[in-house]
There are 4 protein chains.
Amino acid sequence: MVSSSLRPLRADAARNRELLLAAAEEEFAERGLSASIADIARRAGIAKGTVFRHFASKEELIASIVCGHLATLADVARRLTDAGDPGAALLEFLTVAADQRRQHDLTFLQSVSEGDSRVTEVRDELYAGIGALVDRAHAAGTIRSDVTATDVFLLMCAPVHVVENLANPAPELWKRYLAIIFDGLRPEGATPLPQPAPARP
Amino acid sequence: MVSSSLRPLRADAARNRELLLAAAEEEFAERGLSASIADIARRAGIAKGTVFRHFASKEELIASIVCGHLATLADVARRLTDAGDPGAALLEFLTVAADQRRQHDLTFLQSVSEGDSRVTEVRDELYAGIGALVDRAHAAGTIRSDVTATDVFLLMCAPVHVVENLANPAPELWKRYLAIIFDGLRPEGATPLPQPAPARP
Amino acid sequence: MVSSSLRPLRADAARNRELLLAAAEEEFAERGLSASIADIARRAGIAKGTVFRHFASKEELIASIVCGHLATLADVARRLTDAGDPGAALLEFLTVAADQRRQHDLTFLQSVSEGDSRVTEVRDELYAGIGALVDRAHAAGTIRSDVTATDVFLLMCAPVHVVENLANPAPELWKRYLAIIFDGLRPEGATPLPQPAPARP
Amino acid sequence: MVSSSLRPLRADAARNRELLLAAAEEEFAERGLSASIADIARRAGIAKGTVFRHFASKEELIASIVCGHLATLADVARRLTDAGDPGAALLEFLTVAADQRRQHDLTFLQSVSEGDSRVTEVRDELYAGIGALVDRAHAAGTIRSDVTATDVFLLMCAPVHVVENLANPAPELWKRYLAIIFDGLRPEGATPLPQPAPARP
DNA sequence: CATGAATGAGAATTCATTCAT
DNA sequence: CATGAATGAATTCTCATTCAT
């Protein structure tokens, strides 16, 4: 039973679903895309067959994980729209986003769930939230005017990715690269950009 | 270079080796790490078994690809050390590096060949080359003084990674993000970095 | 016995396990160690993948077969310890042992499962049983005093092995060679042995 | 070039043939039947392709090894026919036979080359030799009258086989079991045999 | 004629997914 | 409805054998 519609899941089923998602995140983080359903089920303390009762396929499981992460980020963005300092709000958003990724790097899951409609939907929400943050930052003059919401959306994961090339990165090293990239977004000393901003994803 | 081994291979074998490496790059780029040896062989127009005559295992094949790319980059870095403008040289290096990645994103291959000794060796050469470029840029005051060769090494792939989150990125879009990141490396308007630079990889 | 593990298997699974073991014995007997899992599965009327659900590897399958045979023999030895005539009991044991082997010569499997702990355990039991039989035969003066339990353990398979060098041996021919060897174990006309008895295996 | 007919092989080819046979024996002894042609060739210091110039197939190589061993034994038997003490001669023959096996256990090779005509031929010679030895022993009353040449032929390898069930057998332990078996062949205290002697193999 | 590169038919093993219990 | 047994396609890798160099 996947959809949020209809019956709201029995209590234990809902709990299993959460156990499963958590186990899957850990397993994917440790083993990469090739983490097996069997291992995930074992980690969740659930039978293999039951996994398919919750998620019709491995792809759908992955999509659900990605959805969750994106939804959390969309929430964060929404909440920060009311914050006092628009520049600080945008930086905070990027910080939360990178921190989320850092906990389990699951960026590679995104490519798998590219086509999924629920993912697209949540991503649109997130995109809207980022749009609002960027608009306010523009108005406040905190970031260069030629930078768009899409740019921010794309740069969001960069700090964590950068750090991943290291075997044992310091746990907060990504903040160093977020700082560098955020400096690149500032209006001071900005060089004209050689390529136009891309359209929304 | 890679062929540090024994005899120089028979002409046809050498050709097959190149066909194989090329096919493998394409296949990995399209299918990710899980590209199969069978598909690679088919793409190269070569029998499955022959792949294993050239590369004892899938891992070794991957290591060879990674080695080739790193060696090319090390060459580029070496050549640019003599260039007139240190700042332009560093930017040029990052441009070439990103361009190489763009053709086939194979960053994920790196993690597999982490332990390989040949890879380590070539990476050290590349690292040395980047070090020289960064030193000269520091001397010329083109980049902020708190940025190290390791930082540049890590940031090298970021522009391409950023773009990969898009389904159909404009072919040169990565230049936009390289520009933003490079602006972040400039001394003008630089914010103090929250984390110390990491040690060499 | 072998099924010392957890729950007692579902009825159908248990049946498949037996089918599998039987098919494997036949296939190994016909094709030797290089019998393929695929052929074994086909013979058992079971899918290839299912073999690995029952036995994690070919080695484990072999160990299970060996274990079964050794356990049966250990049982036989135990039962015969109470028999009236110690000499007849020992001969009976060797007869049963050889007969078991004859059905499927699987001696070569033993070398593969040398390290397996379950095998070691059952073999120790068997060894103890043989020890008891030999002790009683010694006491009764039926076998020469310089022959040990290890000797009997080692000679156990000889009659069948001898016969195997023939293309189409008469089904009970092995009894001829068991008789000859058993005569060699008798005290009458025994020549001093040129080498000391080996330590327990 | 396989046959002993026609040209007698160029000197170096003959040498390669011997190197190859020796390497193959060692490799088979160490790795069993699954020793690979590649490893054998490497051990002999010869190219893989050349192996097939000497022996048309792996089976033929094996048959050649087996042939060599059988021929040596046939020679030994022939030579011992003239010896003074018929009983001692037979024992000596069995000793040499077992010793030969012990050096490299290659009994398993025999089953592979079962059908080979050259093997059959040499085996017949060996059989004849054993027949002569047995006849003389019968005449001298050294062995029981109900034992035939075929029995001896079959029992020949038993002592080594027996010892093989041990992980690290003492190098001459087989002599212990040869003594036991030979005692079983003696007329003193012989029990009637339960099965008739088999026909020639 | 020796060499070793190429071949392709398997081998063991893994895994998402289905379905009887 | 949960369970875990069964499935079979796919994967990496091996090897006897052939054949161009």
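In what follows, chains are A, B, ... by sequence order, proteins preceding strands, each numbered from 1.
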Could you check C:D12 against A:F52 and say which one's nearest nucleotide on DNA chain E is further toward the 5' end?
A:F52
Over how many whole Å does the gap from C:E27 atom CD to E:dA12 atom P extend?
11 Å
Given that A:G49 and C:G49 both sit by DNA chain F, which one's nearest nucleotide is further toward the 5' end?
A:G49
Bracket notation of DNA chain E in which parentheses pair within the strand, [ ] cross earlier pairs, and | pairs with another strand (Watson-Crick or G-U, under 3.5 Å):
.||||||||||||||||||||
Please report the distance, rounded to the nearest Å, between CZ in C:R42 and C1' in F:dT7.
15 Å
Using a strict cut-off of less than 4.0 Å between a Lys/Arg side-chain nitrogen and an Asp/Glu carboxylate oxygen, indicate whether B:R43 and B:E30 qualify as a salt bridge.
yes
C:E114/C:R123 salt bridge by N-O under 4.0 Å criterion:
yes
Find the distance C:N16:CG to F:dG4:C1' and express it as a whole number of Å.
13 Å
Using 30° and 60° as the class boundaries, would you call the ring planes of B:H161 and A:H161 parallel, tilted or perpendicular?
parallel
N/O (side chain, C:T50) to phosphate O (OP1/OP2, F:dA5) under 4.0 Å:
no
What's the NE2-P distance between D:H54 and F:dT17, to the nearest Å?
16 Å
Taken to the nearest whole Å, CD1/A:I62 to C1'/E:dC15 is 14 Å
Give a yes or no on whether a salt bridge exists between D:R31 and D:E26, defined as a side-chain N under 4.0 angstrom from a carboxylate O.
no
Distance, rounded to the nearest Å, where D:F55 contributes CZ and F:dT18 contributes C1':
19 Å
So which of B:I65, B:T120, B:V122 actually passes side-chain contact (heavy atoms from CB on, under 4.5 Å) with B:L70?
B:V122
Is the shortest distance from a Lys or Arg side-chain nitrogen in D:R101 or D:E164 to a carboxylate oxygen in the other one below 4.0 Å?
no
Kindly point out which of F:dC15, F:dT17, F:dT7 is positioned nearest to the side chain of C:A47?
F:dT7
C:L33 or A:D39, whichever maps to the more 5' nucleotide of DNA chain E
C:L33
Measure CG/C:L61 against P/E:dA12 and give the value in whole Å, please.
10 Å
For A:A35, report the nucleic acid contact type (base, sugar-phosphate, nothing); a contact means any heavy atom under 4.0 Å.
sugar-phosphate
SB check C:D12 C:R15 (cutoff 4.0 Å)
no
Any D:K58 side-chain nitrogen or oxygen under 4.0 Å from OP1 or OP2 of F:dA16:
yes
To the nearest Å, how far apart are C:K48 NZ and E:dT13 P?
12 Å
If you check every side-chain atom of B:R53, which of E:dA6, F:dT17, E:dA16 has the closest atom?
E:dA6
C:S57 side chain: which of F:dG4, E:dA5, E:dT13 is closest?
E:dT13
